[in-house]
Structures are given as C-alpha cells and as structure tokens.
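We're numbering straight along the sequence, starting at 1.
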Amino acid sequence: MIVCAAFLSAAVVWSAEAAPRELFNGKDLSGWYTFLKGRGKNSDPKGVFSVKDGVIRITGEEWGSLITDEEFADYRLTVEYRFTGKKFPSKEKAALDSGILFHSVGEDGGFAKIWMASHEYNLIQGASGDVWGVHPKNSGMSFTGEVAEERQGGKHFIWKEGGRREVFSGNLRLARGDIAPEWTDTPEAPLAWNEKPVGQWNTAVLECRGDVASCYFNGRLVNRVFDLKPARGRIQLQSEGCGIEFRRVTIESLLGDRPWVSLEEKLNTRRRHYAIDSQPGTPEGDAVRFYRDPYKKDWAQANYDESKAGVLGKDYTIEDPFTFADGRKVKNKADWQARRAEILKIFEEEVYGVMPPKPDAMLFDLVSEKLTEDRFAVERRYRQYFRADKTGPVIDWIVFVPKYAKKPCPVILHLNYKGNDNIARGFTNHYLLPVGDMIAHGYAFMSAQYTQITADPRDMAGFTHVYDGVYELWGYRDPKRTNLTGTLMAWAWGLSRGLDLATDIPEIDATRNVVVGSSRLGKAAFLAAAYDERFTACVPNQTGAIGVQLMKRDYGENLKTQELAFPHWYCSAVWKYRDDTRKMPFDMHLLAACIAPRALLLECYHKKWFDPVGEWLAAKAASPVWEFLTGKGLGADEWPEPYSEALVKPPFGYVRRTECHGLSPYDWKWALDFADQVFGK
C-alpha cells in the first residue's frame, strides 16, 4: 500500500520561518483540505469539518482528517484542543479519541483508506501523548522508542527515558511515560494527572528536530521517539468518531535561517567510544579506558607512570593565583576580585566556553505538591520557564522541604542522572541521594535531571551530539568561534537557575546553600560555584579530568580521552593543548581558587583514572587564596589517609575514600557535616 517512494511527496514544502505562524487563521480552513473515508478529498456533505467562533470543529461523525497543504520538518507544533463529549457508534465503547498525525506522506487514505501514512501524537482521554505508527509494517516507515520493561495492559510498550531501545514499524503504540497503570481504552478511562476535564482546553506540543520527536502535554514531556522515517511530511487532524475542537494550531521553526547548531559543528563533535576495561594486577582494577577516533584511527590511552607525570616545580610548573597575566601582583582583596575575573575569563575562552547570560524572563509553575510517604517532608514539582510566553525549553525541579522546620532552611542543590521520578521513589541505584537524612539535618533539597538542561549523546558509539535543550535560548552557534558554550557550562548555568527558583520558595533560605554533584555533574557544580558567587558552599565529588586535578601532570584521564569521548563538554579552544597540556597557561587550581572565600569541600577518589595525587596537588596550590582571604586554608601539608575526617572543615576542606564511583553514604555524611559547620548548625 505504501512504499518508500511515497516519502518523495509532491506537496508544497514549508519554507522554515523565524517567527511562529498560525496554521489556523481563526476564520476558515485556508491552508487545509479534507479527506473522508468513502468520500475522498474535499467532499464533506455532513459538515464534519467546520469553523465557528474562532474554533475548528470536528464532529467525528465520519472518519478522516483535516490535512495541511504543506509539508513540514524541524518544527514546534502547538495545538489547544478540547473534547466536546459527543461520540458516534464507532466509539461508544471506547475513550474519547483523536490525534495529530505528523510526517504524513503518500496518498490520501493510504492507511486503512482513512489517513495518510504517518506517525501519531495520540489525543485520547487519559493517555494523550501516546505515539502510534499509522502505517503498515514493512512500509519503510518506523521510529525507535526507549521502553520500560513493564507493558501497559500487558501488551503495549511504555516510554522510559534511557530505557531499552525498541524499533516500531506498523500500527504499534508507545504509551506515554506516566500513563496510569489502570488505564484502558474504555469510556471509564481515568484522566491523566495533568489532563483537563472534558470541555476544558488542553495544550499539546510536538517538537520535531530532525528525526527526533518530543511530545509535551500540558507542559510536561510525556514521550520521545527517535530515528523517525520519514522526518518530514504533512500534518493531519483526525476525525475518529468523537467530537473535538481546536482553537490554536501554531507552528514554529526549529531550524530556519538561524539554527543554534550547524551541520559543521555536529560533524566536528561526532566521536566514538569503544570499550572500557580494567587494568589487570591492581587491587581494585584501576580504570583503563581506550577511545578511538573513527576518522584518525588512533588510540588514546591514559598514563599510569608516575615518572612520566613528573614532579611539580621540577618537571612542570603551575601559575601563581596571585600573579596577573601581565605580571602584576595581587596586593589586596580588591586586586583579588580583578584577578578572579581574569581567571574566569581564561577558563571561558580556553576550556568551558562562555557562561551564557541570564534569561530574558524566568517564570515557574507549581505542578504538584504532596507529603512524602514518611510525612516528614513536602514534595513539590516545579516547572521553570525562560520566556514570558512559556514556550521553549523548561527545567523541571523536584523540591523537598522539611515539614517541621521552624524557620526557612538552607538548601542543597543538585543535578541528577536518574530522573526526578526515581528520586521521588527513592530509586537511585548505587548513586545515593538520602533525602530523609537531609531533611533530618534541617536542609531542603532540590534537583533536576541534567539531560533536560541539555543532553549527552544517548549512544556514545557514533551518535552525533546536538546542542539541545536550553541552547535554543542562546541563538546561532557559529562553528568558527572557539569559545562556544560547552555542555558543562550549560549545566552550571542550569544550577544557577535552580538557585533563582529557590529564592522564591518561602520555606528555603536561599542565601544558605550547598551545590553538590558527582563525576561530570561534580564538574558542573564546581563550575557553578566558581562563576556564581551566590553559591555559599560547594561539594564537588570525584570530578576527574578538567575538574579539580592538575592537568599538567597528564596522569589518568586526559585531554585526549576527553576529546574522543566527550568533546561537547568543552569549547574547541582546549583541544590545542591535547598533545601537551604543559603548554597551558593555566591549571585547575586557579578555578578552585575562584570559589574562595566561600566554602569548598573536595571529595576525591582513589582510582588512578581520577588522579587523586593531582587533585591533592591542586588543592594545596589553591589553599593560599583561602588563607589570604579568610586566614584559613587546608591547614595540612601531608596527604590525608582515605576516610580521614581531619580536613572536613570550612572554609576549605578535603576528604578522600576508596570503593565505588558515585555519591556514597560517606560522601553525604561528610557533605552534611561540612555544611553544618558552614552554617553554624
């Protein structure tokens, strides 16, 4: 019925525009045509499709669709709709149902003699945001979904971000990720938690970026599919046995003449990550990672030879925090502020890219509020917007505030890997987030999933990274610039926006805060505290290369492995030091010093891949800045033993341990002990 050649439809192709465009003019069906089963194109004697009072009315009496004259790609489609409650016999025993069919190709009525072959953003009572394949199997059309292990109704896949990937070809359904377990396609189908009752208006947003489609329903991401075939086509609004009305149908280019990431930059950031193994013959199996660039065909391996790393002051030197680039010396605190600004500028231009500006607007909605299961805290969900009209990227925060606090509490801010829902359920795998302990210590806790700010590639084996999420706010990324904002800086920016939100929560004293993160998100927390002086205390955990450790040692994880695996974390300027980090006119102790005189606790790790010696040397090199500004530094010359708490004290502390990578019970004990001292608790 449909073949791949159908993708080459002769439809008028949309010329991507910079400004949003109304596909419905509020007056008539200009730009659309109708198709009804058994009647064909533009034959509608019963008035299934009409416009009245600025609303598209679809009675649902006959099956078919309203179809755009044009094809579309790389767009954000926003529709506002409501069900009227009217049903016809074909739907008497089913839920209220309609849909947005997108990337529609081929002949009118090509699928089941009703609709063009397409993919569907389902608009259905209780499950709006399901994605269906509205095409026959083996047609050449398909999409890929990330799925949970459980099935909806024991049959249909459920979307789970980061889940196992499944290819959908044919008339198959991927249910929205938060679908109610008891949902069935019956008149008694329960409404989704964020769905408006029949007769009230809901908002469905479909974002199609290349071959990826994201479904938002009433402000919440509920589904996402990949590898869409085709990645362009017409849009259809279904007539499917139920009355439905549309009052807004708006399309906005996600490409246009000013894409925020160029094809050249996509190609430049494509890298391949092949294998992770362990070094034989060592007690804990120190990590040895091999990365291969598929274009250069070479291998990058970490150095584990101390003789090659050399001795600080003999084989390599590092810069004096108190000496300006022009040779002037810091003489007082005002001078230090100028030197700090100079250092931060160096790291923007040479390592992480520029720190983006604050957004033009910041708004937030309280999405939900409830007591935690143990009833000691209140769990809230907030959605944070960065445009006055609440379009574009958002960050969803989960916030826990103590129920029995007598005054506003200090807050711990954090970006998570596993998602806010997993935090709420207490499921974080080996990566511990003991919210109950934080509440008992008198702290509020707030977190957001880092991928919502901007994502890492989901498949490190050849996936082309796209700077998505909040990057949309910052305009075109000119690949000729060497200081473009890397994703680590974007995550740091996101943490600052979390602090903005905290200032508006009455139970939180946002002037007393601790930013915490581990691994790549430890780097992000470290960056956030360095650039945003509102952060009171910072606890970066096991940051690795281009985090805390001295890079000039070239020991463990290095610039070569970082470039091949995670080039999107940084700006391109840093790669000129790839083959010889000792040519860098800076090192990481300078960035640590930019947090002074505020509180910093470095939590380190014994694996050679993370170069614990280099972290300690960086800490000692930064300590004089705290001594200069506060009179107190590390207070130790000898490297403390693992689990020693001797240096867990403000304003500048250090602690290290063995065992697994990630945030452990020990790490949280030390972080909370440190914070208690900072805030005099």
Side-chain angles (χ1 to χ4, degrees), residues 310-357 481-486 488-489 492-493 496 523 526-535 538 540 543 545-554 559 570-578 580-600 602 614-634 637 651-652 654:
V311 177
L312 175 59
K314 177 183 177 183
D315 300 303
Y316 65 97
T317 59
I318 57 176
E319 290 67 34
D320 177 11
F322 298 113
T323 302
F324 286 92
D326 63 6
R328 290 179 297 122
K329 297 294 184 180
V330 170
K331 297 179 181 178
N332 51 47
K333 292 182 180 180
D335 284 348
W336 169 250
Q337 281 300 106
R339 172 61 170 152
R340 177 179 177 274
E342 180 181 68
I343 292 170
L344 293 177
K345 186 66 174 176
I346 290 170
F347 279 94
E348 283 187 288
E349 296 296 322
E350 297 281 357
V351 185
Y352 300 104
V354 297
M355 171 61 79
R481 286 179 50 195
T482 61
N483 65 348
L484 292 171
T485 304
L488 284 169
M489 193 66 95
W493 181 93
S496 288
K523 293 185 195 353
F526 185 51
L527 265 179
Y531 279 85
D532 191 339
E533 292 183 279
R534 297 177 301 161
F535 284 110
C538 177
T543 60
I546 326 186
V548 174
Q549 70 193 56
L550 292 181
M551 294 305 297
K552 291 182 181 180
R553 266 176 53 83
D554 192 20
L559 279 179
Y570 310 99
C571 69
S572 62
V574 75
W575 307 127
K576 63 177 173 284
Y577 304 115
R578 177 183 187 269
D580 189 355
T581 54
R582 293 178 184 178
K583 291 181 179 178
M584 298 190 311
F586 57 88
D587 215 324
M588 305 313 298
H589 67 297
L590 295 179
L591 191 62
C594 289
I595 297 175
R598 293 165 292 132
L600 174 65
L602 302 179
E615 289 181 314
W616 173 244
L617 292 174
K620 289 208 304 179
S623 181
V625 179
W626 271 271
E627 295 170 15
F628 175 71
L629 296 174
T630 71
K632 297 179 181 179
L634 278 174
D637 291 323
F652 186 28
Y654 175 94

For a side chain to side chain contact (heavy atoms under 4.5 Å, CB included) check, start with the C-alpha distance between Phe526 and Ile595, then their side-chain angles and the critical distance, and finish with the verdict.
CA-CA 9 Å; Phe526 185 51; Ile595 297 175; 3.8 Å; yes
Passes side chain to side chain contact (heavy atoms under 4.5 Å, CB included), Leu312 versus Thr317? Steps please.
CA-CA 6 Å; Leu312 175 59; Thr317 59; 5.6 Å; no
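The shortest side-chain heavy-atom distance between Phe652 and Lys632 does not fall under the 4.5 Å cut-off. Residues Trp493 and Met489 form no side-chain contact, since every pair of their non-hydrogen atoms from C-beta on lies 4.5 Å or further apart. Residues Leu634 and Trp626 are not in side-chain contact: their nearest non-hydrogen atoms beyond the backbone lie 4.5 Å or more apart. Residues Phe586 and Ile343 form no side-chain contact, since every pair of their non-hydrogen atoms from C-beta on lies 4.5 Å or further apart. Within the 4.5 Å cutoff, the side chain of Glu350 has no heavy atoms near those of the Asn483 side chain.
Comment: Glu533 engages Arg340 in a salt bridge, judged by a side-chain N to carboxylate O separation of less than 4.0 angstrom. Here Lys329 pairs with Asp320 in a salt bridge; the nearest charged N to carboxylate O distance falls below 4.0 Å. Looking at Glu342 and Lys345, no side-chain N of the basic residue comes within less than 4.0 Å of a carboxylate O on the acidic one, giving no salt bridge.
Of the possible polar contacts, one joining the Lys523 side chain to the Ala545 backbone as a donor-acceptor pair under 3.5 Å is found. Distance alone, capped at 3.5 Å, places no donor-acceptor pair between the Tyr577 side chain and the Lys583 backbone. Under a 3.5 Å cut-off, the side chain of Thr581 and the backbone N or O of Asp554 do not form any donor-acceptor pair. A donor-acceptor pair under 3.5 Å is formed between the side chain of Asp326 and the backbone N or O of Arg328. Under a 3.5 Å cut-off, the side chain of Lys620 and the backbone N or O of Leu617 do not form any donor-acceptor pair. Under the 3.5 Å distance criterion, the side-chain polar atoms of Trp336 are left unmatched by any main-chain donor or acceptor of Cys594.
Atom CG of Asp315 sits about 13.0 Å away from atom NZ of Lys552, to the nearest 0.5 Å. One finds the CG atom of Leu488 at 8.5 Å from the CD1 atom of Ile546 (value rounded to the nearest 0.5 Å). From Asp335, atom CG reaches atom CZ of Phe324 across 5.0 Å, with rounding to the nearest 0.5 Å. Atom-to-atom distance recorded for Glu348:CD and Thr485:OG1 is 8.0 Å, nearest 0.5 angstrom. The line from CE of Met588 to OG1 of Thr543 is 7.5 Å long, rounded to the nearest 0.5 Å.
Heavy atoms only, all atoms of each residue included: Pro321 and His589 are closest at CG-CD2, 4.2 Å. Nearest heavy atoms, Leu559 versus Trp575: O-CZ3, 3.5 Å. Across every non-hydrogen atom of Pro540 and Leu600, the tightest pair is CD-CD1, 3.6 Å. Contact detail for Cys571 and Leu484: the closest heavy-atom pair is CB-O, 3.3 Å. Contact record, Pro597 with Pro651: O-CB, 4.1 Å, taken as the closest heavy-atom pair. A pairwise comparison of heavy atoms in Asp587 and Phe347 identifies O-CZ, 3.4 Å as the closest pair.
When the shell of 6.0 Å around CG of Asn332 is examined, it contains more than 12 heavy atoms from other residues, nucleotides or ligands.
For Glu319 and Thr323, the side-chain atoms include no donor-acceptor pair closer than 3.5 Å. No side-chain donor from either of Tyr654 and Glu615 sits under 3.5 Å from a side-chain acceptor of the other.
Scanning for side chain to side chain contact (heavy atoms under 4.5 Å, CB included) contacts around Arg534 gives Ser496, Arg497, Leu499, Asp500, Asp532, with sequence neighbours left out. Applying the ring-ring contact (aromatic ring centres under 6.0 Å, His included) test to Phe322 and every residue at least two apart in sequence or in another chain returns Phe628.
Using cut-offs of 30° and 60° on the angle between ring planes, the pair Tyr352 and Tyr570 is tilted.
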